[in-house]
Amino acid sequence: MKLKLPQLIATLSLGTGIDSLPLVLVAGGRPPKPDWLRKLAENNNDTPFWAIDRGIDSCRQAGIIPRRLLGDADSARSTSWKWAEQQEVPIDRFPAAKNLTDFQLALQLSQTDYGNRFLLATGAFGGRLDHAFSLLHSLTGDGRPGCLADHQEVVIILRGGEAAGIAFRETDNKVAALSLLPLSPNCSGVSVSGVRWPLEKAALTQKLPYAVSNELLQEAKKISVSLTDGVLGIYLLFGSLKA
């Protein structure tokens with residue numbers, strides 16, 4: 001499968017039966033830049049977008065009509081919610097007092113129509129750490145292949161036996177750092193090439209996640225990452241390392 005983002009194209013060796021187009025879940029964290037979101041839609045023609053609560057603000061700003069709006073409406077602008085109603089977007093409104101988050105409920109509902117889709121969550125970074133933690137681990141625990149992405153940060157989730165070849169597009173927004181994050185207690189057989197500090201069949205653990213702040217080789221336009229066991233997040237930071 002090819003994951004097409006405005007700043008990269010990732011060729012992913014995944015299990016069989018995965019649809020070539022992702023399901024894009026636009027959440028309510030740091031808003032992706034409207035131009036980035038429009039390019040994402042252009043790169044993945046006909047892919048479905050779902051807005052999750054404040055994610056409807058991002059869809060409206062980018063001029064993207066989502067196929068579904070879900071949430072408790074506690075953070076989205078009322079004008080954006082009304083815009084979705086005017087566009088006749090199907091809406092699932094949840095109570096504010098509930099056990100699961102809006103994103104977790106969206107994952108559950110998407111199993112029916114999009115159980116074979118790659119899940120691309122945007123609007124996932126920034127803001128509160130607990131929200132980002134919940135979203136990342138909910139996506140990981142869902143079991144479907146997926147990633148978190150916006151104009152500034154990307155996390156591609158790989159599972160044991162999978163590999164990714166990531167080619168970077170020619171843009172002004174260059175890769176500032178690459179980290180390999182163990183999303184399971186242990187990851188084994190981890191390899192990465194095209195970077196300043198390569199790994200070959202290494203072991204990574206959550207107790208000592210040392211494979212952070214790596215750098216692309218100056219001449220490298222592509223990196224390769226694989227692992228034999230565990231769940232691994234390939235983290236990419238674009239732009240500046242400065243806050």
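Residue numbers count from 1 along this sequence. What you see below is based on every heavy atom in this structure, not just the backbone, and it leaves out hydrogens, waters and symmetry mates.
- Counting heavy-atom neighbours within 6.0 Å of Lys2 NZ, excluding the residue itself, gives a total of 12 or less.
- In this structure, a donor-acceptor pair under 3.5 Å is absent between the side chains of Ser13 and Glu162.
- Considering CZ of Arg196 and OG of Ser213, their distance stands at 11.5 Å, rounded to 0.5 Å.
- Here Thr101 contributes atom OG1 and Leu107 contributes atom CG; the two are 7.5 Å apart, rounded to the nearest 0.5 Å.
- To the nearest 0.5 Å, atoms CD1 (Ile223) and CD1 (Ile234) are separated by 6.0 Å.
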Report the C-alpha separation of Leu8 and Leu236 in whole Å, then their side-chain angles, then the decisive distance to 0.1 Å, and conclude whether the side-chain contact (heavy atoms from CB on, under 4.5 Å) test is met. CA-CA 10 Å; Leu8 63 83; Leu236 296 161; 3.8 Å; yes

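- Of the possible polar contacts, one joining the Ser138 side chain to the Ser134 backbone as a donor-acceptor pair under 3.5 Å is found.
- The shortest distance between side-chain heavy atoms of Leu232 and Leu183 does not fall below 4.5 Å.
- The ring pair (Phe, Tyr, Trp, His ring centres under 6.0 Å) check on Tyr114 picks up Trp50, with sequence neighbours excluded.
- Clustering ILVMFWY residues whenever any of their side-chain heavy atoms sit less than 4.5 angstrom apart, transitively, puts Leu5 in a cluster other than the one holding Leu237.
- Going from atom OG of Ser193 over to atom NZ of Lys222 covers 9.0 Å, rounded to the nearest 0.5 Å.
- Looking only at side-chain heavy atoms (C-beta outward), Leu120 and Leu3 come within less than 4.5 Å of each other.
- Side-chain contact between Leu119 and Asp142 is present, with heavy atoms from C-beta onward closer than 4.5 Å.
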For the pair Gln108 and Leu100, evaluate side-chain contact (heavy atoms from CB on, under 4.5 Å) and give the outcome as yes or no after the intermediate values. CA-CA 10 Å; Gln108 288 187 355; Leu100 298 181; 3.3 Å; yes

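- Hydrophobic clustering keeps Val231 apart from Leu180 (ILVMFWY residues linked when any side-chain heavy atoms are closer than 4.5 Å, directly or through intermediates).
- When side chains are defined from C-beta on, Lys201 does not count as touching Val190, because their heavy atoms never get closer than 4.5 Å.
- By the 4.5 Å heavy-atom criterion applied to side chains, Leu135 and Leu148 are counted as neighbours.
- In this structure, OG on Ser191 lies 9.0 Å from CG on Leu227, to the nearest 0.5 angstrom.
- Looking at Arg159 and Leu14, their side chains never come closer than 4.5 Å, going by heavy atoms from C-beta outward.
- Both Leu70 and Leu23 are members of a single hydrophobic cluster when ILVMFWY side chains are connected at heavy-atom separations under 4.5 Å.
- To the nearest 0.5 Å, the span separating CD1 on Ile157 from CG on Leu139 amounts to 4.0 Å.
- Side-chain atoms of Leu21 and Phe118, non-hydrogen and from C-beta on, never get closer than 4.5 Å to each other.
- Within the 4.5 Å cutoff, no side-chain heavy atoms of Asp229 are placed close to those of Cys187.
- In the hydrophobic clustering (ILVMFWY side chains linked at under 4.5 Å, chained through shared members), Trp197 stands by itself.
- Under the 4.5 Å side-chain heavy-atom criterion for ILVMFWY residues, no single connected hydrophobic cluster contains both Val26 and Leu105.
- For residues 130-189, the ring pair (Phe, Tyr, Trp, His ring centres under 6.0 Å) pairs, not counting sequence neighbours, are Phe133-His137.
- Between Arg93 and Asp72 there is no salt bridge, since no side-chain N of the basic residue sits under 4.0 Å from a carboxylate O of the acidic one.
- Hydrophobic clustering, defined by side-chain heavy atoms of Ile, Leu, Val, Met, Phe, Trp and Tyr closer than 4.5 Å, groups Leu69 together with Ile56, Ile65, Trp81, Trp83, Val89, Ile91.
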Side-chain donor-acceptor distances from residues 27-41 under 3.5 Å, at least two apart:
unit_1	atom_1	unit_2	atom_2	d
Arg30	NE	Asp150	OD2	3.0
Arg30	NH1	Glu153	OE1	3.1
Arg30	NH2	Asp150	OD1	3.3
Arg30	NH2	Asp150	OD2	2.7
Arg30	NH2	Glu153	OE1	2.8
Asp35	OD2	Lys39	NZ	3.4
Trp36	NE1	Gln7	OE1	2.9

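- Using modelled atom types and a 3.5 Å distance limit, the side chains of Ser110 and Arg68 yield no donor-acceptor pair.
- Under a 3.5 Å cut-off, the side chain of Thr228 and the backbone N or O of Ser188 do form a donor-acceptor pair.
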Please evaluate residues Ile166 and Ile156 with respect to the criterion side-chain contact (heavy atoms from CB on, under 4.5 Å), reporting the C-alpha separation (whole Å), side-chain torsions for both, the decisive distance (0.1 Å), and the verdict. CA-CA 10 Å; Ile166 304 174; Ile156 299 173; 3.9 Å; yes

Would you check, one step at a time, whether the test side-chain contact (heavy atoms from CB on, under 4.5 Å) holds for Val155 with Phe125? CA-CA 10 Å; Val155 178; Phe125 300 104; 4.1 Å; yes

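- Within a 6.0 Å radius of CZ in Arg77, other residues, nucleotides and ligands contribute 12 heavy atoms or fewer.
- Side-chain atoms of Arg54 and Ser80 form no donor-acceptor pair, as typed in the model, at a separation below 3.5 Å.
- The hydrophobic cluster containing Leu208, built from Ile/Leu/Val/Met/Phe/Trp/Tyr side-chain heavy atoms closer than 4.5 Å, comprises no other residue.
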